[in-house]
Amino acid sequence: QVHLVESGGGTVQTGESLRLSCVVSGLSFSDYNMAWFRQTPGKDRESVGFISYTDITHNYARFAEGRFTISRDKARNTMYLQMTYLRPEDTAIYYCAAAKNTAQHFSGWEYWGQGTQVTVSS
């Protein structure tokens with residue numbers, strides 16, 4: 001059974017930071033590409049960024065560039081999303097995903113977590 005479990009969400013004020021975690025089990029974590037997505041009601045799920053099985057980050061979204069950092073700790077089977085200078089527009093459910101190949105669209109990712117809510121108040 002493959003499980004991806006996000007945690008670390010919550011409510012913060014504009015300008016504050018938050019770190020999300022995604023703990024993975026049931027697959028060879030070191031052999032999979034990982035990604036963070038987010039979704040706001042009424043909008044499609046959108047990519048935040050990817051991190052390859054070689055630990056190289058790819059394709060940060062415009063809203064994430066310079067503010068968000070994706071990393072992974074293979075010893076802990078955990079991927080992280082460090083978010084800084086948060087703003088109300090970042091309010092969304094954040095999901096982690098895993099796949100053998102990266103993709104911009106969420107349909108290209110095979111395994112998903114249940115998401116963690118991030119709320120940024122002004």
Side-chain angles (χ1 to χ4, degrees):
Q1 295 288 109
V2 176
H3 294 282
L4 284 67
V5 181
E6 302 94 339
S7 64
T11 301
V12 297
Q13 300 291 322
T14 298
E16 294 183 342
S17 63
L18 200 62
R19 189 177 77 158
L20 307 183
S21 298
C22 172
V23 179
V24 179
S25 62
L27 57 75
S28 182
F29 183 68
S30 63
D31 295 330
Y32 274 76
N33 302 301
M34 300 291 298
W36 286 100
F37 288 78
R38 72 182 190 183
Q39 187 166 23
T40 299
K43 294 184 177 180
D44 290 337
R45 192 168 299 187
E46 62 182 347
S47 173
V48 176
F50 317 141
I51 184 165
S52 73
Y53 68 91
T54 58
D55 295 345
I56 299 173
T57 54
H58 299 89
N59 298 108
Y60 281 112
R62 184 180 302 173
F63 63 79
E65 186 70 42
R67 296 192 300 131
F68 296 0
T69 302
I70 297 171
S71 62
R72 67 194 296 175
D73 185 341
K74 292 181 177 180
R76 296 177 179 269
N77 284 3
T78 302
M79 176 179 63
Y80 302 97
L81 177 63
Q82 178 68 49
M83 302 182 289
T84 62
Y85 299 101
L86 286 163
R87 58 198 186 196
E89 300 95 303
D90 296 318
T91 296
I93 301 174
Y94 285 74
Y95 299 89
C96 63
K100 293 183 179 179
N101 298 296
T102 60
Q104 285 295 123
H105 196 268
F106 65 85
S107 63
W109 295 81
E110 184 175 5
Y111 301 108
W112 292 87
Q114 294 301 307
T116 185
Q117 176 71 49
V118 172
T119 302
V120 184
S121 61
S122 60

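At least one donor-acceptor pair closer than 3.5 Å links the side chain of T40 to the backbone N or O of T91. A donor-acceptor distance shorter than 3.5 angstrom exists from the side chain of R72 to the backbone of F29, with no hydrogens or angles considered. Judged purely by atom type and a 3.5 angstrom limit, E16 uses its side chain to pair as donor or acceptor with the backbone of Q13. Panel note: side chain E110, backbone A98; no donor-acceptor pair is recorded below 3.5 Å. Although no hydrogens or angles enter the test, the distance criterion places no donor-acceptor pair under 3.5 Å between the side chain of Q114 and the main chain of V5. In this structure, the side chain of Y111 does not engage the main chain of V24 through any donor-acceptor pair within 3.5 Å. Of the possible polar contacts, one joining the N33 side chain to the K100 backbone as a donor-acceptor pair under 3.5 Å is found. Under a 3.5 Å cut-off, the side chain of T119 and the backbone N or O of T11 do not form any donor-acceptor pair.
Separation of atoms CZ (R62) and CD (E65) is listed at 11.0 Å; rounding is to 0.5 Å. In this structure, S52 OG and N101 CG are separated by 12.0 Å, a value rounded to the nearest 0.5 Å.
Side-chain N/O atoms of Y94 and R38 include a donor and acceptor closer than 3.5 Å.
For the pair T69/Y60, a side-chain contact is recorded, criterion being any heavy-atom separation below 4.5 Å from C-beta on. Contact of the M34 side chain with the L4 side chain is registered, since non-hydrogen atoms from C-beta on lie closer than 4.5 Å. At least one side-chain heavy atom of Q82 sits under 4.5 Å from a side-chain heavy atom of S17. Counting heavy atoms from C-beta on, the side chains of L18 and L20 come closer than 4.5 Å.
Counting all heavy atoms, side chain and backbone alike, T78 lies closest to S21 at CG2-CB, 4.1 Å. The minimum heavy-atom distance between R67 and D90, with the atom names listed, is NH1-OD2, 2.7 Å. Closest approach of Y53 and D31 over heavy atoms only: CB-C, 3.7 Å. Contact between G49 and S47 at its shortest, heavy atoms only, is N-OG, 3.5 Å. Taking both residues in full, the closest heavy atoms of C96 and M79 are given as CB-CE, 3.5 Å, listed atom of the first, atom of the second, then distance. In this structure, T14 and P88 approach most closely via the heavy-atom pair OG1-CD, 3.4 Å.
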Exercise. Checking side-chain contact (heavy atoms from CB on, under 4.5 Å) for the pair F68/W36: CA distance, chi angles, key distance, verdict?
Worked result: CA-CA 11 Å; F68 296 0; W36 286 100; over 6 Å; no
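Within 6.0 Å of the NZ atom in K74, the count of heavy atoms belonging to other residues, nucleotides or ligands exceeds 12. Shown here is R76, whose CZ atom has no more than 12 heavy atoms of other residues, nucleotides or ligands within 6.0 Å.
The hydrophobic cluster of Y85 has no other members, since no ILVMFWY side-chain heavy atom comes under 4.5 Å of it. Applying the under-4.5 Å side-chain rule to Ile, Leu, Val, Met, Phe, Trp and Tyr, the cluster around W109 extends to F37, F50, I93, Y95, F106, W112.
Follow the hydrophobic side-chain contacts under 4.5 Å out from Y80 and you never reach V23; the two are in separate clusters. Clustering ILVMFWY residues whenever any of their side-chain heavy atoms sit less than 4.5 angstrom apart, transitively, puts V48 in the very cluster that holds V118.
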